[in-house]
Every structure is written in structure tokens, then in C-alpha cells.
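A quick write-up on the structure given underneath.
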Amino acid sequence: MRQVIIIGSGPAGYTAAIYAARANLSPLVVASSVEAGGELMNTTEVENFPGFPEAIMGPDLMAKMQEQAERFGAEVLYDDVVSLDIDGPVKKITLGSGATHEADSLVFATGSAPRKIGIEGESRLSGRGVSYCATCDGFFFRERVIAVVGGGDSAMEEATFLTKFASKVYIIHRRDELRASKIMQERAIKNEKIEFVWNSEVVDILGDEAVTGVVLRDTVDGSTRELPLDGVFVAIGNDPRTHLVHEKLRLTPEGTVWVDGRSSRTSVPGVFAAGDVIDPTYRQAVTAAGSGTVAALDVEHYLAGLGEAGAPDPAGAEIDGLADAATLGR
């Protein structure tokens, strides 16, 4: 029987683990068997995480976070949670291996997954020229012509990184202006290998065994044309990973896990959530880390309030009730 289990190993999960371990809660971190480290494992240079003025590669940052959590006593398990039982005071998780673990509390920090365009050619050619990770697959496109779909920071970062390998990189965007931050826009615009394709959306990806091109539809006049390519990198955003908690936890209209105000408390006592899975707006490594801190502190408060019978004591309930009232009053 654990005091706390943390599901997820991104900035939120590992920061929660660091704080929980330092509070002698001996957290178990279920890091996933294939996606350990979260989305930063697919990121190149991270320039905006405090403390790294020379930037740090995403995988290196996550390795340091894991090392720090383990230093204080967190246990990291490389497996996948396939089901949850969170109705009672004891929270139970079942892993892909068939093993089960129980805890008094749970931190849900599963992050988000890359959003897909949703067209037939995309799924058919995934892994055969269609990719969602420049750092994973960029090497395979040396001296090739490729495209990045999207207009945000991630798309600009992917395109700029891919110019290290590709002979030419198109950035395909639905509008005539970008959502990306100014500094990321300027880097992409100044790069001689990058060409922008404005007011265009990908309606089909061509190829039998590998990508040979895309079909573009003009978002202004509706006309279509083909653009020959060797690869397509999709960078159009992310969706929260909430499949494990559908009909178990309250969700927001945006599809993220609902939490009480600025806390990490979900709709089920003893279950807390942190990181991108609760954040439809900011979705930064540093905000996820801060959210993980909140979750660990909330867990510590919750566990301290558990009585001998396993229920929150009246003082803890009163504090939670005041928080609920304040949230409803906003």
C-alpha cells in the first residue's frame, strides 16, 4: 500500500515526485513503457526553462528531473496504466503487465498527445513519411524535401530543427499569419531553407509505401493543388490524455481534467491532477512543473488530514469546503 502514486513522467509528474519524495511520501511514478519523459522527449533545445541560460535538450532536462526525483527516494516504474479504480478511499491502478498497485492518493499527470490532421493518408503513412517528432525522425530525411504542418511555436521549432537535415522545408499554414511567438517566427522566416505556404490546408497525403506529396486546398478560393514531398511533420497542437478517466473524473469543456480553482484537487477526493492534462491554455514545461508542485503539496495536505478510518478529518473537510465555496462564488 503506497501513500501516493503518480501517473506520468513529464515535468508535472517528476516535479510532483520530487516534492512528494522530499516529504517522505515514497512516491511510485508510473512513467510509461513507451512514452517516458512526456512531450519534452520529442523537443530539441529548451531555451525558456529557468536555470539553463545556454538552453538544454528536452530529453536531457527530463533525465535530470528523473535523477533528482530518484535521489530523494521516488521509485520509477516503466509500465502503462490500463485501468483505474478510484471510487473508494483506496485508489487502485492496473498496469499493462497485469500487476496492480494501491495507494491512499493519486496524481494524474499524463500530459497531452500530438493532435492529428484526421485524414486517411495520415494514418496509412504514419511511420512511412508522416511523423509527429522532428527529433525522433529528422535524421531519416537528409537532403529530402519535407513539410511541417502548423503555425505555432512547435511548428516553427520543428521546421528550424529539420533544416539541419532536409534540403528544403515547407511550412504549411491555414492562415496568412502565424500564432508562434515573434522570436520563433523570425528564426523560421530568416532561414533560407524554409518556405511558407500560406492559406493552405492539407486534405490528403499521397503515396503507397512512402510519402510522395500532399494535396493542398486553398482556404481562400477553395482550389486544390499537389505539392511533391518526401515527408510530412504534423505540429498542429496537442490533446490532453484523459482516456483513463472518462466518466471517472469531471472534465472541462476543453476536454482537460477539472480541478478546483488554483488547486490540483479533482472531482474525486484523493485524486489530484497536474500539468498539460489540466491546462488548455499555457502548456509550458515551467507551468507544468509548477502544477506538479501544487499537486504534491495538495497530496501532503490530504494525507495529513486522513483519520484512522481513512477519511479526511473535519478540519481538512472544512478547508476544502471553503475552497469549493470560493470557486463557486467566482
Side-chain angles (χ1 to χ4, degrees), residues 10-11 38-62 111-112 114-117 130-202 213-214 216-220 225 227-239 276 279-290:
E39 287 302 297
L40 279 187
M41 297 298 289
N42 302 329
T43 303
T44 54
E45 290 187 341
V46 179
E47 299 179 316
N48 54 7
F49 198 90
F52 298 94
E54 303 301 323
I56 183 171
M57 296 295 287
D60 293 338
L61 177 59
M62 296 320 303
S112 58
R115 187 173 300 153
K116 296 185 177 181
I117 301 173
V130 174
S131 175
Y132 305 87
C133 176
T135 54
C136 307
D137 300 327
F139 177 82
F140 301 108
F141 293 87
R142 287 189 177 277
E143 299 305 316
R144 302 292 184 90
V145 177
I146 58 180
V148 174
V149 182
D153 278 357
S154 295
M156 299 306 107
E157 180 183 10
E158 298 253 304
T160 302
F161 176 78
L162 288 167
T163 59
K164 297 179 180 180
F165 308 100
S167 59
K168 187 177 187 62
V169 179
Y170 292 100
I171 295 179
I172 302 171
H173 188 43
R174 294 172 52 88
R175 291 178 283 275
D176 61 358
E177 60 181 6
L178 300 169
R179 303 187 313 275
S181 59
K182 188 174 181 180
I183 188 171
M184 298 300 290
Q185 290 188 42
E186 290 176 349
R187 286 181 185 173
I189 291 170
K190 291 178 180 178
N191 195 305
E192 295 180 354
K193 285 189 175 182
I194 294 177
E195 179 178 335
F196 287 84
V197 182
W198 303 106
N199 297 317
S200 299
E201 60 181 353
V202 177
V214 295
L216 300 177
R217 179 167 58 206
D218 191 298
T219 58
V220 177
R225 66 183 179 97
L227 179 65
L229 294 169
D230 299 305
V232 179
F233 287 77
V234 181
I236 56 175
N238 296 72
D239 294 311
D276 284 5
D279 180 8
T281 305
Y282 301 105
R283 299 184 54 255
Q284 300 295 308
V286 68
T287 54

For a quick test of reading the model, state the closest non-hydrogen atom pair linking [X] to [Y] and the distance between them.
X	Y	value
S154	A235	C-CB, 4.2 Å
S131	C133	OG-N, 3.1 Å
V234	R115	CG1-O, 3.7 Å
D276	S112	OD2-OG, 3.5 Å
W198	R175	CE3-O, 3.3 Å
L229	A147	CD1-CB, 3.5 Å

Would you check if [X] and [Y] make a side-chain contact, meaning some heavy-atom pair closer than 4.5 Å?
X	Y	value
L178	F196	yes
F52	L61	yes
F141	L162	no
P11	L40	yes
I236	I117	yes

Between [X] (side chain) and [Y] (backbone), is there a donor-acceptor pair under 3.5 Å?
X	Y	value
D230	V145	yes
T160	E157	no
T219	R174	yes
T163	F161	no
K168	E195	no
S167	R144	yes
E47	A55	no
D153	S181	yes

Euclidean distance, E158 CD relative to M184 CE, rounded to 0.5 Å: 10.0 Å
Between CE on residue M156 and CG on residue N191, distance to nearest 0.5 Å: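 Rounded to the nearest 0.5 Å, the CE-CG separation comes to 11.5 Å.
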Within 6.0 angstrom of I189 CD1, more than 12 heavy atoms from elsewhere: yes
Whether over 12 other heavy atoms sit under 6.0 Å from R283 CZ: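 Counting other residues, nucleotides and ligands, CZ of R283 exceeds 12 neighbours.
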side-chain contact (heavy atoms from CB on, under 4.5 Å) between V202 and V232, intermediate numbers included: CA-CA 10 Å; V202 177; V232 179; 5.7 Å; no
side-chain contact (heavy atoms from CB on, under 4.5 Å) between V169 and F233, intermediate numbers included: CA-CA 10 Å; V169 179; F233 287 77; over 6 Å; no
